[in-house]
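One structure is given here, and the rest of the page talks about it.
Read the numbers this way: they start at 1 and go in the same order the structure lists the ligands and their atoms.
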Amino acid sequence: MNILLLGSGGREHAIAWKLSTSKKLKKLFIAPGNAGTNNLGTNINLNTKKFSSIGSFILKEKINILIVGPENIIVEGIYDYLKPKFPNLTIIAPSKKASLLEGSKRFAKEFMEKYKIPTAKYASFKKNQFKQAVNYLKSIKAPYVLKANGLAAGKGVVILQNKLEAEKELKEMLIDNKFGAASDEVLIEEFLSGIELSVFVLTNGIDYKILPTAKDYKRIGEGDTGLNTGGMGSVSPVPFANKAFMQKIENLIIKPTIEGLKKENIKYYGFIFLGLIKVNNEPKVIEYNVRLGDPETQVVLPRIKSDLVNLFSKIEDEHAFKLEKLEISAKCCSTVILSSKGYPEKYTTGQSISGLNTSEAQNIIFHAGTKKENNKIITNGGRVLAVSSLGKSIKQATQNSYKRIKAIHFDGVYYRKDIGLDLIPK
Ligand code: AMP
Ligand code: GLY
């Protein structure tokens, strides 16, 4: 199989790493990739926004499987553009219609309402409904959850305690175009209080395989304080997601979601990422994403024993896909993100990174914002590395990551010291 993988983050390095273990893999290309992915395949300088150039590459290199990492390429409709041109190409990315589950929060809410999938109550307001939106805000209690309807690079959710601040934020989003067209419509949501977890499903729109659970540590500061980031660390599995709770997730959320896709005639080959929250022992959906998570992928994939290339190659064959079992390791995995000075605000780049060689078998260092220049690996993004480790418990996996990090250095390196701590029995 010849595979083209789109993206450049830690998630894509983890996907490339997993694919590279498959005997079915012939050639792997990553566009644009990073300094880590280049050791597993060939990085190529394709403009991922220009679907026609991706098409030309697919033709030239006889690509069999295309895997899309980031949501923006999916939401812009890569599946709909390429599938009619390459009917034999397997595309691990859902159709444009399906991508609205992530690309439009209102679409996702209406879908959940229609298929009775548990989620927070909400109301949605367009630009010309600012007055109604303010009145609605006045009628509810804090905390106030405001969400831009469209994609806003992970920044479109704002939670405020104070009503005046919420009104100000609402005006900035709806009237002053804070998130551009993404906040032309704003959702005001009921605040849910509980513990969050991420669940990933690989589906062909008919059947599904449930991947290991993960927890994402989103804030920059220890104890979940400070600004939101793309994710500063992750662990898998999430201990409170026991068998009984997973059964609830499957029955109340996964099955109705797949059923809904079928009823709506929505094509879906790829991953569904369920951002969930446990409220009084009941799972509720905070958000749908139409791709894998970053940094969750860096802890989920190291725990999967099955061959992903094999699974992807069968995804369009209803019968063959159904027969496949997803084998999951009993080991735990933890990842800690090393970020650049200043992240998630303005950050420095171009720092030389040392200490990347010679890892123990339990460590896997995934590159995120890195590039190779004059034979040196330098920082090239906010999130630079994800240091993943396996272990027989979350405690051990996490300790393995922190031990490995000690040998890595670049100027201004920052990481949270409390990844996984809340999940370790005292
Ligand atoms: P997102 O950017 O969509 O991943 O959302 C960011 C974060 O906002 C989520 O991970 C939750 O921590 C929080 N959040 C979103 N919606 C709600 C809600 N209805 N109640 C409480 N927290 C929420
Ligand atoms: N880790 C959250 C995300 O990938 O959106």
Any protein heavy atom < 4.0 Å from atom 13 (C) of ligand 1: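 Answer yes: something from the protein, a heavy atom, is under 4.0 Å.
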[X], portion touching ligand 1 at heavy-atom distance under 4.0 Å:
| X | answer |
| --- | --- |
| Glu190 | backbone |
| Lys105 | side chain |
| Leu192 | both |
| Ile159 | side chain |

Atom 17 (C) of ligand 1 [closest protein heavy-atom partner, distance rounded to 0.1 Å]: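 Among all protein heavy atoms, the one nearest atom 17 (C) of ligand 1 is Ile286 CD1, 3.8 Å.
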Shortest protein contact, atom 9 (C) of ligand 1 (heavy atom only):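 That would be Glu196 OE1, 3.6 Å.
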Sub-4.0 Å atoms of ligand 1 with respect to non-hydrogen atoms of [X]:
| X | value |
| --- | --- |
| Lys147 | 15 (C), 16 (N) |
| Glu189 | 16 (N), 18 (C), 19 (N) |
| Glu287 | 1 (P), 3 (O), 4 (O) |
| Lys218 | 4 (O), 10 (O) |
| Val157 | 1 (P), 2 (O), 3 (O), 5 (O), 8 (O), 15 (C) |

Polar contact flag, side-chain donor to acceptor under 3.5 angstrom, Lys109-Thr119: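 Note: Lys109 and Thr119 side chains meet the donor-acceptor criterion.
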Check whether any side-chain heavy atom of [X] sits under 4.5 Å from a side-chain heavy atom of [Y], and report yes or no.
| X | Y | value |
| --- | --- | --- |
| Tyr217 | Glu222 | no |
| Leu202 | Ile315 | yes |
| Phe245 | Pro283 | yes |

Just say parallel, tilted or perpendicular for the rings of [X] and [Y], cut-offs at 30° and 60°.
| X | Y | answer |
| --- | --- | --- |
| Trp17 | Phe366 | perpendicular |
| Tyr402 | Tyr415 | tilted |
| Phe111 | Tyr115 | tilted |

Partner of Ile377 under side-chain contact (heavy atoms from CB on, under 4.5 Å), chosen from Lys371, Lys372, Gln351: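 So, applying the side-chain contact (heavy atoms from CB on, under 4.5 Å) to Ile377 and each of Lys371, Lys372, Gln351, only Lys372 qualifies.
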For ligand 2, the residues whose heavy atoms come within less than 4.0 Å (ordered by chain, then number):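 Heavy-atom contacts below 4.0 Å: Asp216, Gly230, Phe273, Arg291, Gly293, Asp294, Pro295, Glu296.
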Residue Lys403 excluded, over 12 heavy atoms near NZ under 6.0 Å: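 Open: at most 12 neighbouring heavy atoms sit under 6.0 Å from NZ of Lys403.
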Closer than 4.0 angstrom, basic N to acidic O: yes or no for [X] and [Y]?
| X | Y | result |
| --- | --- | --- |
| Glu296 | Arg11 | no |
| Glu189 | Lys147 | yes |
| Asp294 | Arg383 | yes |

Asn228-ligand 1 polar pair, N/O distance under 3.5 Å: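 No - when backbone and side-chain N and O of Asn228 are compared with those of ligand 1, no distance drops under 3.5 Å.
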